[in-house]
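So that the names make sense, note that chain A is the first sequence line, chain B the second, and so on, each numbered from 1.
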Amino acid sequence: MKINEDFFKQDAITVARELLGKVIVRTWDDGTESQYLVTETEAYYGEEDLACHASKGRTPRTEIMYAVGGHVYVYLIYGMYWMLNFVTGSKDHPEAVLIRGINHIKGSGKVGRELKIDKSFYGENLNLSARLRIEAGIAVTDFEVAPRVGIDYAGEIWKNKPWRFIAKFLQ
DNA sequence: TGCACGATCTCG
DNA sequence: GAGATCGTGCAT
C-alpha cells in the first residue's frame, strides 16, 4: 500500500524516524521489482544545520532540497558512491533524510549500489516515479537514536544532534 | 581554470 | 591504514 503523499511534508527528523520499517520498492528496467525494508536513516535539517549540504545555500546540487517533500536527492560522494536521500518538509525549507541501511545492507554507499542509484534519480518525484516508491511496511517502535556519521566538520552543536535512527529488529 | 576535499567501502 | 575516483564549491 502506498503511503500518504503528505508523509514527506513532515519535518526531516519525524520522517527519518517514521521511515524505519517502511518499504522502498525498486522497479527495474525489465519490470521486475525488489523490496527493501528501511532499517537506518539520518536527518539533515535546514541551512542552519552545518552538516546539511544546504548550509552553503542554494546551489545547483542542493536546489532540490528546497522543493516540497517527496522528491529524491542524490549526490556522489568520494567519487564513487551515490547517496540516496528523500527531500522532506515544506517548499523553500531545505531538509532531507539519508537512507543509511536497508534489509541486511548497512552503509549508505552500499544502499546506493544495491538500488542502482545514479545521477538520473536526482529530482525524481516519489509520487510519480516508475522506478522508486515507498510503501507502508511494518511498525517499528523499537529503535536506537545516535549522532550522525562522518560530519566532524559540522561543529559540536550539529555533530552531536541525535538525528540518526536505527531500527532494532533484524540487527 | 585549477584545486582540495568529501554524509564511503574494500582490500591489504 | 591507504587507495579508488570525481563532482562540487571556493579560491585564483
Side-chain angles (χ1 to χ4, degrees), chain A residues 7-8 10-22 24 26 34 36-90 92-124 126 129 131-132 134 140 143-168 170-171:
Chain A
F7 175 74
F8 287 104
Q10 302 173 91
D11 67 277
I13 292 90
T14 302
V15 173
R17 187 178 58 234
E18 303 264 317
L19 220 39
L20 296 179
K22 291 269 188 301
I24 294 177
R26 175 72 165 96
S34 294
Y36 302 91
L37 212 52
V38 177
T39 58
E40 189 173 342
T41 59
E42 275 181 11
Y44 290 87
Y45 187 79
E47 292 182 346
E48 66 273 25
D49 176 3
L50 296 181
C52 181
H53 286 163
S55 65
K56 289 174 181 164
R58 247 183 225 246
T59 67
R61 179 169 69 146
T62 61
E63 182 63 32
I64 195 65
M65 289 182 113
Y66 290 81
V68 68
H71 292 263
V72 176
Y73 169 43
V74 293
Y75 65 91
L76 188 66
I77 191 65
Y78 302 124
M80 26 172 48
Y81 295 101
W82 287 99
M83 310 294 272
L84 174 63
N85 303 249
F86 298 135
V87 176
T88 66
S90 53
D92 293 325
H93 189 264
E95 309 171 24
V97 173
L98 168 67
I99 304 302
R100 288 193 63 83
I102 49 175
N103 291 4
H104 57 285
I105 299 169
K106 306 208 179 191
S108 39
K110 286 194 277 191
V111 168
R113 193 173 55 185
E114 172 67 29
L115 293 176
K116 293 196 168 61
I117 298 301
D118 60 41
K119 192 178 194 152
S120 72
F121 280 81
Y122 183 92
E124 193 111 330
L126 286 171
S129 176
R131 308 184 279 180
L132 208 56
I134 309 297
V140 174
F143 58 89
E144 251 176 73
V145 176
R148 295 171 291 180
V149 172
I151 53 162
D152 288 348
Y153 60 85
E156 292 302 314
I157 297 174
W158 299 104
K159 173 169 105 177
N160 296 320
K161 291 276 184 196
W163 287 352
R164 178 177 170 212
F165 301 91
I166 309 145
K168 293 267 282 245
L170 299 177
Q171 289 291 313

Could you state the interatomic distance from NZ (A:K22) to OG1 (A:T39), rounded to the nearest 0.5 Å? 14.0 Å

Pairs where residues 77-88 of chain A contributes a residue and the test side chain to side chain donor-acceptor pair (under 3.5 Å) is met, not counting sequence neighbours: A:T88-A:E95

Does any non-hydrogen side-chain atom of A:R131 lie less than 4.5 Å from one of A:S120? yes

What is the nucleic acid contact for A:M83, judged by heavy atoms within less than 4.0 Å: base, sugar-phosphate only, or nothing? sugar-phosphate

If I compare all heavy atoms of A:T41 with all of A:I99, which pair ends up nearest, and what's the gap? CG2-CD1, 4.2 Å

So the stems of DNA chain C, runs of at least three Watson-Crick or G-U pairs (under 3.5 Å), are B:1-6 with C:6-11, B:8-11 with C:1-4

So CD1 of A:I166 and CD of A:E144: to nearest 0.5 Å the spacing works out to 5.0 Å

Nearest-angstrom distance, P atom, B:dG2 to C:dT5: 22 Å

How far does CD of A:E42 sit from CZ of A:R148, to the nearest 0.5 angstrom? 7.0 Å

Which atom names give the shortest non-hydrogen contact between A:V87 and A:V68, and what distance separates them? CG1-O, 3.9 Å

Excluding sequence neighbours, so at least two apart, what forms salt bridge (Lys or Arg N to Asp or Glu O under 4.0 Å) with A:E18? none

Between A:Y73 and A:Y122, is there a side-chain heavy-atom distance shorter than 4.5 Å? yes

Walking along DNA chain B from 5' to 3', note the first and the last nucleotide with an atom under 4.0 Å from a heavy atom of chain A, and give both. B:dG6 to B:dT10

What nucleic acid atoms does A:L76 come within less than 4.0 Å of, heavy atoms only: base, sugar-phosphate, or nothing? sugar-phosphate

Indicate, with a heavy-atom threshold strictly under 4.0 Å, whether A:G109 touches base, sugar-phosphate, or nothing. sugar-phosphate

Pick the P atom in C:dA2 and in B:dC5, then give their distance to the nearest Å. 16 Å

For chain A, the stretch of DNA chain C it reaches, first to last nucleotide, under 4.0 Å of its heavy atoms: C:dA4 to C:dC10

Counting only heavy atoms not in A:L50, do more than 12 sit closer than 6.0 Å to its CG atom? yes

More 5' along DNA chain C: A:Y81 or A:R61, using each one's nearest nucleotide? A:Y81

Which pairs count as ring-ring contact (aromatic ring centres under 6.0 Å, His included) when at least one residue sits in residues 37-68 of chain A, sequence neighbours excluded? A:Y45-A:H93, A:H53-A:Y75

